[in-house]
Amino acid sequence: MTTKQQEATPGNIRILVVEDSPTQAQHLARMLNQEVGWEVDIAVDGLDALARLRQRRPDLVVSDIAMPGMDGFTLCRTLKDDPGYAAIPILLLTRLSTLQDIVRGLEAGADAFVRKPYEAAELRTRLRGLLRRNEDGDAAGEPAGLELMTAERRQIFDLLTATHDETLRMNAALAEKQAGLEESVRALAILGAIAGALNAAMSQDAVALAAVEHLAALPGIEAAGLSVFDAGGDTRLLAARGFGEAPEALPLGAWHLPLPPGQDGVPAGMLHLLPSAPLADERRSLLDGIARQIAPALERARQYARMEALVVERTDALRSERNRLSAVVETAGALVLLTDPAGRIVMFNRACEETLGWPVAEAIGRPCWEVLRGAHDENVLHRMFDQLAAGSLPARLRGEFRTRDGELRNIIWNHARLERADGSIEYVLGTGIDTTELRGAEARLRYVSNFDTLTGLPNRLLLRDQLRKMQAQARATGQILGFMLLRFVRMPLIRETLGPNADQVLVQQAGARMREIGNGDAVARFSDGSFVLVALRPDNEALAAAARRLLAALGAPYAYGSEELHMDPCVGIAVYPNDGDNYEALVRSAEAAQRLAADGVIHRYAFYRRELNRDANHRFKMETALRRAVDRNELVLHYQPQVELASGTIVGAEALLRWNHPERGMVSPGTFIALAEESGLILPIGTWVLMTACAQIRHWQEAGLPVVPVSVNLSVYQFSDEIVGTLKFILEAYGVDPAMLELELTESASMADAGKSYELLAQLKAMGIRLAIDDFGTGYSNLNYLKRFPVDKLKLDKSFVDDILEDDNDLAISRAVIAMAHGLRLTVVAEGVETAGQLAVLAEMGCDIIQGYYYSKAVAPDDFARMLREGLVPAQG
């Protein structure tokens, strides 16, 4: 639940509150919402917080410590261990005050603590400080490693001695001065008072507070502050008095006195003093003496903090070790039984309780032979302890034992004597392994090793064995063996939309269908979203029939909740031995055939052909070269003029992408655009085209040319929510009027999701960008949507213009498109006009703008600039 219903606005600070008490959570949310620009989301515990983090990333997390499910320490440690969330500041709220709890929070990576109950203003101030520190990139350093306890005590003793010696030295130095001087007496008293206060202070903050309170009370000192240096060299203000509400903003005129360096040669910190008048030499000398007292006090406080941390660490380590040993004893599958030398049970772990049927409370104190009775010899344990009294103990005891209910369990016991320092026996330890279920465990292990746990189908390991057996059958019977690899094309989309749970549910349903259709054939789960069917058939036609049945069974709708989903399966078929004589070769061939099947329209299955590998190799080389082309600036834009029929003047240009290949020369986009879309390169290429076109417009404007709007083709992969922000950035970066840019979208791209397209087109239109529908008439035209779209132009596809003089159908379609566009008050651009005859027919039908070789092919920017200067384009056709 959230404290605000409206969506977050850009620039707002998002704070995630993790609190299991609804009352405290709402109180904290109301308090934080008083801060302008802060928005609060509430999670009930750590697990809920992780789920909300993945949905919406906060700028800061405020978490209680004691919570069910996942406490604040675990949540903090989980976020700090994740590189994606480690930078989010975390403030822990706690009623606890021991050093141990603070250390646990620091080890978990917490950035700050606030004790309950807290003041609202104080908490908001702490949060603002964390947010500022995060924006400045000032991350707290990792705690230094702890040294041995004895070394810590020695260092603190040395520091205390040094402090005492320093005080004595100062007193002696002052005593050597004139005893009657009032200033010396006051200085001695001040130093003594400060030394006493510093000696009583046990933390850095207490040292700093004691120091600044005494310094601020000195005559002639209006304000005082004390800073220390962090590991990175940055200063951190520990305490201040007299500087006002913002002590970190020290006024001009403040006097900064470095503290003496420590053992590492680095100054311990800095005194900040604001004198009411220039300081005399005596007063400066006094302040130097105070600084020499403060430095060892700070070092002593640091050492004390380290020693306390070491105590906490060692205590935690001992407790953790004890807990680990207890957990091992209680949770291990082994039976652990401890007796005294007389055989009375003193420890009886959970495994013993569950296996033997005796509650712990009833087993403790009983002789072990009453609890653990041999099935064939009830006195076996009694005799074993008789041997112990005689000085011997069997190392192992194996056999069947009866539980309290009389059930037989086969147990292997190992024994050990635990002796005191004098060699006497303190305890007898018995550890046992219940082997009754061993055979069942072996069966389960075989299952896990050979079957997919989600679907119950054979996995790849078992598939290999089945394939070898069926290959032998194929050789013996003369049949062909088909290796059919089935993949669901829509599975990634479903996983992204509905989440991994839907993915698993659908895979289970698909696995059940595979098991049903197998019927003697070998079936297996191949990967997350793919399956394999291996079938023996007399010929390829029989394999094709099996593939069709497979597609029909797995292509039927799937149910997920109230949703009915289609997975769009496709099948690639490799035939043994023609397409491969081993598992790996058949898999490669089936995968190549599957890619071909995924592109199919009528048939969703395909047999492997050898040229598929050649095509794949060619595509791989082309993709590699295209990636290099983007990095090496081998892409260029050419511009084809758009000429108005009525005036014969240039009224626009279309930017057309070319690849200036170092070996093949200029390559047309039809050769590589589809590959760019499949490989994902279309996004950086598309952005480069928009930036280059806008940069060219700006260049022509600065050259004083009569610039015309430039149209750019937009890929369906670019036509998403990000395009609006991208275009705003590019237009502002190059200072181009949005009206000078025109975007062309194909019918299929704009009509795929008409509602979403309308929203995006409306946003682009509102920016002032011109819009055109490209290749009109070749897609699934929906006039009901088209009349709503805020477009300016329709581009009549070249396929209709090519045969407009010979094909009556193309003529009729062209006439209808032009008439319809004019009825919708749209401008019509005819593409691919190459002859005077085509031009005449289009002019007679009222076409507005012509584009094609009749006037000019796409030319380099300098050639198009010459056309703009001349204003007219002479006909070439």
Side-chain angles (χ1 to χ4, degrees), residues 100 104 149 311-446 448:
Q100 174 184 347
R104 286 187 65 192
M149 176 68 76
V311 171
V312 171
E313 182 187 32
R314 293 293 175 83
T315 303
D316 285 346
L318 291 173
R319 184 181 295 110
S320 177
E321 183 177 0
R322 184 188 66 191
N323 292 339
R324 282 197 301 270
L325 291 174
S326 177
V328 168
V329 169
E330 289 300 321
T331 62
L335 287 69
V336 179
L337 188 149
L338 193 69
T339 74
D340 62 16
R344 288 186 297 272
I345 298 175
V346 296
M347 187 177 71
F348 195 76
N349 77 338
R350 187 181 305 168
C352 286
E353 184 179 35
E354 294 173 352
T355 300
L356 301 176
W358 283 84
V360 174
E362 296 185 29
I364 297 296
R366 287 179 178 270
C368 62
W369 47 83
E370 292 183 8
V371 174
L372 195 63
R373 295 173 296 155
H376 308 292
D377 183 359
E378 292 190 357
N379 296 320
V380 61
L381 287 180
H382 205 298
R383 286 198 304 274
M384 185 184 80
F385 276 88
D386 289 342
Q387 295 174 13
L388 177 65
S392 64
L393 180 70
R396 173 171 294 187
L397 187 64
R398 177 174 186 171
E400 288 186 326
F401 296 85
R402 293 190 184 278
T403 68
R404 189 176 192 181
D405 296 332
E407 181 184 355
L408 293 179
R409 308 295 297 182
N410 197 305
I411 304 175
I412 302 175
W413 287 99
N414 291 292
H415 306 105
R417 300 192 311 179
L418 304 181
E419 298 179 349
R420 298 183 181 90
D422 60 2
S424 62
I425 299 175
E426 184 175 12
Y427 296 111
V428 176
L429 174 64
T431 57
I433 300 176
D434 184 0
T435 61
T436 310
E437 307 296 337
L438 182 58
R439 292 185 179 180
E442 291 174 347
R444 289 192 296 272
L445 180 60
R446 286 194 298 270
V448 170

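- Residue Glu354 holds its CD atom at 8.5 Å from CG of Asn349, rounded to the nearest 0.5 Å.
- Shown here for Ala351 and Ala334, the closest heavy-atom pair between the two residues is CB-O, 3.4 Å.
- Residue Phe348 is tested with Leu337, Thr339, Leu338 for a side-chain contact (heavy atoms from CB on, under 4.5 Å); the sole match is Leu337.
- Taking both residues in full, the closest heavy atoms of Arg404 and Glu362 are given as NH2-OE1, 2.7 Å, listed atom of the first, atom of the second, then distance.
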Could you go through Leu356 and Arg409, starting from their C-alpha distance and side-chain angles, then the distance that decides it, and tell me whether this counts as side chain to side chain contact (heavy atoms under 4.5 Å, CB included)? CA-CA 8 Å; Leu356 301 176; Arg409 308 295 297 182; 5.5 Å; no
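- With rounding to the nearest 0.5 angstrom, the OG1 atom of Thr403 is 8.0 Å from the CZ atom of Arg373.
- Every residue meeting the side chain to side chain contact (heavy atoms under 4.5 Å, CB included) condition with Arg383, not counting sequence neighbours, appears here in chain and number order: Asp377, Asn379, Val380.
- Scanning all heavy atoms of the two residues, the minimum distance from Pro359 to Glu353 falls at CA-OE2, 3.4 Å.
- Here CH2 of Trp413 is found 9.5 Å from CG of Leu429. Values are rounded to the nearest 0.5 Å.
- Once rounded to the nearest 0.5 Å, the distance linking CG of Asn410 with CG of Asp434 reads 7.5 Å.
- A donor-acceptor contact shorter than 3.5 Å is absent between the side chain of Arg344 and the backbone of Cys368.
- Enclosure of atom CZ in Arg420 by more than 12 non-hydrogen atoms of other residues, nucleotides or ligands within 6.0 angstrom is indicated.
- Residue-environment remark: CZ (Arg398) stays at or below the threshold of 12 foreign heavy atoms within 6.0 Å.
- Put simply, CZ on Arg402 and CD on Glu400 are 8.5 Å apart, with the number rounded to the nearest 0.5 Å.
- Note that CG of Leu372 and OG1 of Thr355 are 10.5 Å apart. Values are rounded to the nearest 0.5 Å.
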For the pair Trp358 and Arg366, evaluate side chain to side chain contact (heavy atoms under 4.5 Å, CB included) and give the outcome as yes or no after the intermediate values. CA-CA 11 Å; Trp358 283 84; Arg366 287 179 178 270; 3.4 Å; yes
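- In this structure a side-chain-to-backbone donor-acceptor pair under 3.5 Å is present from Asp340 to Ala342.
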